[in-house]
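Remarks on the structure that follows.
Owing to the predicted nature of the structure, the values given are computational and were not obtained by experimental measurement. For the numbers below, each heavy atom of this structure counts, side chains included, while hydrogens, waters and symmetry mates do not.
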Amino acid sequence: MQMKKPRIVITMGDPTGVGPEIIAKALADPAVRECCRHLVVGDEFAMSRGIALAGTGFRIETSKSVPIEESADGVVNLHKVTALSPDDLCYGQPTIASGDAVFRSICHAADLCLKGEADGMATAPINKEALNRAGHRYPGHTELLAELTGADRVVMMLAGSRLRVALVTIHEALARVPALVTFERVLETIRITHRDVHHYFTRNPRIAVLALNPHCGEGGMFGDEESRIIAPAVQAARQEGIDATGPLSADTLFHFAVQGAYDAVVCMYHDQGLIPLKLLHFDDGVNVTLGLPIIRTSVDHGTAYDLAGTGKASAESMKVAIMMAAAMAGNRREESGAP
């Protein structure tokens with residue numbers, strides 16, 4: 001029996017940004033349509049405008065669920081969660097209503113995944129300030145999805161075809177990072193990275209764990225977090241059967257990681273991991289939230305208000321996010337033996 005294509009829900013993101021346009025462009029790619037059955041969640045007028053900008057000629061068919069059968073090439077399946085007014089759809093000018101629309105889209109997509117009516121979700125970029133102005137007090141997608149799904153601990157991983165980086169700390173002032181790099185936090189990040197990379201990407205992954213300080217602290221001259229915290233966490237992970245190595249110096253490790261020596265790199269702070277990732281995968285990097293009971297991928301860029309409404313926004317990251325969510329769903333299905 002032929003397996004049905006994974007069902008992927010795509011959230012529109014900020015309707016005053018590039019989200020609708022890049023979704024339309026992504027769905028025009030035969031490789032994207034070949035990999036999954038889709039359902040866009042958002043606002044119909046915003047999506048129609050995005051389709052016009054993309055020049056794809058799609059028509060919208062409204063639906064409350066991912067279609068059972070494959071869609072015709074000229075169709076975008078859309079579930080309407082809002083009916084925004086023109087005043088709330090001015091490019092680059094998010095409002096309280098558009099911020100609330102972002103929240104509704106994410107909640108609905110997550111609900112479909114939790115109910116098993118979708119196999120994963122891919123998200124377009126949002127405006128966090130608008131989300132908060134609408135009364136939804138979350139720093140971003142990750143924290144909202146963690147609450148919606150009941151996840152205790154999540155890990156942000158950025159991924160491309162040549163490199164995957166998972167972060168122990170995310171958006172923190174650099175001065176605060178040393179205090180946040182604890183044994184428990186490092187070990188839990190290694191565990192979650194191992195588990196989800198194993199389930200969704202490659203079996204028994206080889207994980208590199210970076211040092212915090214230059215040259216791994218140079219025997220304590222530049223700091224002792226390596227010997228006091230990171231090395232014991234790596235050793236504890238190895239005792240659990242995880243193929244983890246470290247701490248390793250960040251200034252040399254990435255050369256070996258991109259040559260294929262490791263399947264994922266656990267980084268201590270944001271720029272330590274994202275600078276090399278974006279150097280290699282600026283256009284096609286994908287944000288993957290590990291630790292959730294559902295699959296969630298996202299573009300690795302913001303709302304791009306400077307490009308919104310111009311028709312010039314690149315859809316590469318959106319394409320790869322959708323295809324990666326579908327591939328992750330396929331790998332999970334294969335591992336579980338489900339049809």
I'd like to know if the side chain of Lys5 reaches the main chain of Glu34, judged simply by a donor and an acceptor atom lying under 3.5 Å from each other, with no hydrogens or angles considered. yes
Count I, L, V, M, F, W, Y as connected when their side-chain heavy atoms are under 4.5 Å apart, and connections chain through other members. Are Leu274 and Tyr262 then in the same cluster? yes
Ser317 to Gly285 - nearest heavy-atom pair and separation: OG-O, 2.7 Å
CA sep, side-chain torsions, deciding dist, call: Thr11, Ser105, side-chain hydrogen bond (donor to acceptor under 3.5 Å, both in side chains): CA-CA 6 Å; Thr11 61; Ser105 296; over 6 Å; no
Given the rule in the side-chain contact (heavy atoms from CB on, under 4.5 Å) test, do Asn77 and Val40 qualify, once you have shown the distances and angles that lead to the verdict? CA-CA 6 Å; Asn77 303 302; Val40 179; over 6 Å; no
Please find the pair of heavy atoms, one from Gly330 and one from Pro6, that lie closest to each other, and give the distance. N-CG, 4.4 Å
Can any side-chain N or O of Thr149 pair as donor or acceptor with the backbone N or O of Leu292 at less than 3.5 Å? no
Strictly distance-based, threshold 3.5 Å: is any side-chain N or O of Arg7 a donor or acceptor partner for the main-chain N or O of Val66? no
Could you pull out the closest heavy-atom pair between Ala244 and Val234, with the gap in Å? O-CG1, 3.8 Å
Quick one: SG on Cys113 to CG on Leu148, what's the gap to the nearest 0.5 Å? 11.0 Å
Common cluster, Ile106/Ile8, ILVMFWY with side-chain heavy-atom separation under 4.5 Å: no
Residues Phe183 and Ala236: closest non-hydrogen pair is CZ-CB, 3.9 Å
Strictly distance-based, threshold 3.5 Å: is any side-chain N or O of Thr289 a donor or acceptor partner for the main-chain N or O of Thr142? no
Is the backbone of Thr95 close enough, under 3.5 Å, to the side chain of Ser98 for a donor and an acceptor to pair up by distance? yes
Group every Ile, Leu, Val, Met, Phe, Trp and Tyr by side-chain heavy-atom contacts under 4.5 Å, then state whether Val266 and Ile192 land in the same group. no
When hydrophobic residues are tied together by side-chain contacts of less than 4.5 Å, even through go-betweens, does Ile294 share a cluster with Leu290? no
Using the side-chain contact (heavy atoms from CB on, under 4.5 Å) rule, take Leu27 and Phe58 through it: C-alpha gap first, then chi angles, then the decisive distance, then the call. CA-CA 9 Å; Leu27 290 175; Phe58 285 140; 4.1 Å; yes
CG of Asp88 to OG1 of Thr16: how many Å apart, nearest 0.5 Å? 9.5 Å
For Gln272, enumerate each residue passing the side-chain hydrogen bond (donor to acceptor under 3.5 Å, both in side chains) test, keeping only those at least two apart in sequence or located in another chain. none
His281 side chain to Asp284 side chain, donor-acceptor N/O pair below 3.5 angstrom: yes
Pick out which of Leu279, Leu210, Ile275, Leu248 makes a side chain to side chain contact (heavy atoms under 4.5 Å, CB included) with Phe254. Leu210
Do Asp243 and His194 come within less than 4.5 Å of each other through their side chains, counting heavy atoms only? no
Test: salt bridge (charged side-chain N to carboxylate O under 4.0 Å, His left out). Region: residues 126-146. Which pairs qualify, not counting sequence neighbours? none
Using a strict cut-off of less than 4.0 Å between a Lys/Arg side-chain nitrogen and an Asp/Glu carboxylate oxygen, indicate whether Glu188 and Arg191 qualify as a salt bridge. yes
Partner of Val81 under side chain to side chain contact (heavy atoms under 4.5 Å, CB included), chosen from Asp100, Val102, Val41: Val41
Determine which pairs satisfy ring-ring contact (aromatic ring centres under 6.0 Å, His included) with at least one residue from residues 125-148, sequence neighbours left out, and list them in order. Phe103-His136
Cys107 side, atom SG; Leu145 side, atom CG - distance, nearest 0.5 Å: 8.5 Å
In this structure, would Met323 and Leu39 fall into the same cluster of hydrophobic residues linked by side-chain contacts under 4.5 Å? no
Exam field: side chain Glu44 to backbone Ala83, donor-acceptor pair closer than 3.5 Å: no
I'd like to know if the side chain of Thr82 and the backbone of Leu84 have a donor-acceptor N/O pair within less than 3.5 Å. no
Does Ile126 reach the side chain of Leu131, with side-chain heavy atoms less than 4.5 Å apart? yes
Between Arg59 and Glu61 (salt bridge meaning N to carboxylate O under 4.0 Å), is one present in this structure? yes
Taking the side chain as C-beta and beyond, is there a heavy-atom pair between Val265 and Ile207 under 4.5 Å? no
Please examine the side chains of Leu280 and Val258, heavy atoms only from C-beta on, and report whether any two atoms are closer than 4.5 Å. yes
Distance-only donor-acceptor pairs under 3.5 Å for side chains of residues 150-173, two or more places apart:
{"unit_1": "Arg153", "atom_1": "NH2", "unit_2": "Thr189", "atom_2": "OG1", "d": "2.9"}
{"unit_1": "Arg164", "atom_1": "NH1", "unit_2": "Asp263", "atom_2": "O", "d": "2.8"}
{"unit_1": "Thr169", "atom_1": "OG1", "unit_2": "Met268", "atom_2": "O", "d": "2.7"}
{"unit_1": "Glu172", "atom_1": "OE1", "unit_2": "Arg176", "atom_2": "NH1", "d": "2.4"}

Please confirm whether the backbone N or O of Cys216 pairs with a side-chain atom of Asn213, one donor and one acceptor, at under 3.5 Å? no
Ile190 side, atom CD1; Arg195 side, atom CZ - distance, nearest 0.5 Å: 14.0 Å
Taking C-beta and beyond as the side chain, do Pro178 and Glu225 meet within less than 4.5 Å on heavy atoms? yes
Hey, mind stepping through Ile10 and Met318 against side-chain contact (heavy atoms from CB on, under 4.5 Å) and telling me if it holds? CA-CA 10 Å; Ile10 307 165; Met318 191 78 251; 4.0 Å; yes
Return yes if some donor-acceptor pair links the side-chain N/O of Ser249 with the main-chain N/O of Asp251 below 3.5 Å, else return no. no
Please give the remaining members of the hydrophobic cluster of Phe282, linking ILVMFWY side chains under 4.5 Å, ordered by chain and number. none
Answer whether the closest heavy-atom distance between the side chains of Met328 and Thr297 falls below 4.5 Å. yes
Atom pair NZ/CD1 of Lys319 and Ile23 - distance to nearest 0.5 Å: 14.0 Å
What are the two closest non-hydrogen atoms of Val299 and Ala321, and how far apart are they? N-CB, 4.2 Å
Ion pair check, Lys115 and Asp111, cut-off under 4.0 Å: yes
Check this for me: Lys278, atom NZ, are more than 12 non-hydrogen atoms of other residues, nucleotides or ligands nearer than 6.0 Å? yes
Counting C-beta onward and ignoring hydrogens, is there a side-chain heavy-atom pair between Met47 and Met12 closer than 4.5 Å? yes
Distance-only check: which donor-acceptor pairs under 3.5 Å involve side-chain atoms of residues 300-309, not counting sequence neighbours?
{"unit_1": "Tyr305", "atom_1": "OH", "unit_2": "Asp14", "atom_2": "OD2", "d": "2.3"}
{"unit_1": "Tyr305", "atom_1": "OH", "unit_2": "Asn127", "atom_2": "ND2", "d": "3.0"}

Any chance you could lay out the side-chain contact (heavy atoms from CB on, under 4.5 Å) test for Arg49 and Leu89, step after step, and finish with the verdict? CA-CA 10 Å; Arg49 190 171 63 172; Leu89 289 170; 3.8 Å; yes
Within the structure provided, determine whether Ile322 and Val320 are in side-chain contact (heavy-atom separation under 4.5 Å). no
Okay, side chain of Asp119, backbone of Ala329: is any donor-acceptor separation there less than 3.5 Å? no
Is there a side-chain hydrogen bond (donor to acceptor under 3.5 Å, both in side chains) between Ser227 and Asp224 once you walk through the steps? CA-CA 6 Å; Ser227 60; Asp224 66 354; 5.5 Å; no
